[in-house]
Amino acid sequence: MVLVDKKILSGGLAMLIVGIAIIAYLNSNVPIGYSGMTDEQVLELATKERTHQEYSTLAAILTGLGFLLVLISFGARKKKGGAKTIEKKPPEVS
């Protein structure tokens with residue numbers, strides 16, 4: 001039996017799935033240029049390419065964090081009971 005924290009696992013899997021879906025969508029909609037573009041169109045293409053790269057980076061970060069949460073969930077263990085507090089009596093001075 002493997003001890004898994006189900007809340008962390010489900011959150012990690014959700015982030016992983018959403019990140020992969022965003023990456024797949026972004027890879028299907030890559031901005032491309034063509035020959036004979038005007039300077040204004042070249043500038044617009046460069047802006048779109050930069051935005052696309054930034055979204056891809058954010059999606060990769062989301063996917064990576066989801067993967068880390070999945071890994072962490074296998075090592076996380078829920079503690080049964082509350083935290084035990086131990087009270088120490090100060091030494092009596094005589």
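In this chain, numbering begins with 1 at the start of the sequence shown.
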Determine whether [X] and [Y] fall in the same hydrophobic cluster, where Ile, Leu, Val, Met, Phe, Trp and Tyr are linked whenever their side-chain heavy atoms lie under 4.5 Å apart.
{"X": "Ile23", "Y": "Val70", "answer": "no"}
{"X": "Ile61", "Y": "Tyr55", "answer": "yes"}
{"X": "Val4", "Y": "Leu69", "answer": "no"}

Kindly compute the distance separating [atom1] ([X]) from [atom2] ([Y]), expressed to the nearest 0.5 Å.
{"X": "Leu68", "Y": "Ile8", "atom1": "CG", "atom2": "CD1", "value": "12.0 Å"}
{"X": "Leu62", "Y": "Thr57", "atom1": "CG", "atom2": "OG1", "value": "12.5 Å"}
{"X": "Leu26", "Y": "Ser56", "atom1": "CG", "atom2": "OG", "value": "4.5 Å"}

Less than 3.5 Å apart, which donor and acceptor atoms pair up between the side chains of residues 28-38 and the rest of the protein, not counting sequence neighbours?
| unit_1 | atom_1 | unit_2 | atom_2 | d |
| --- | --- | --- | --- | --- |
| Ser28 | OG | Tyr25 | O | 2.7 |
| Asn29 | ND2 | Tyr25 | OH | 3.2 |
| Tyr34 | OH | Gln41 | OE1 | 3.2 |
| Tyr34 | OH | Gln41 | NE2 | 3.2 |
| Thr38 | OG1 | Gln41 | N | 3.3 |

Please list every donor-acceptor pair under 3.5 Å in which a side-chain atom of residues 9-22 meets a protein atom from a residue at least two apart or in another chain.
| unit_1 | atom_1 | unit_2 | atom_2 | d |
| --- | --- | --- | --- | --- |
| Ser10 | OG | Lys6 | O | 3.1 |
| Ser10 | OG | Lys7 | O | 3.0 |

Self-check item: Neighbour count >12 (heavy atoms, 6.0 Å) for atom CD, Glu40
Solution: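 No - once you tally the heavy atoms of other residues, nucleotides and ligands closer than 6.0 Å, there are 12 at most.
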Exercise. Could you go through the side-chain contact (heavy atoms from CB on, under 4.5 Å) check for Leu45 and Glu49 one step at a time?
Key: CA-CA 6 Å; Leu45 177 64; Glu49 286 177 343; 3.9 Å; yes
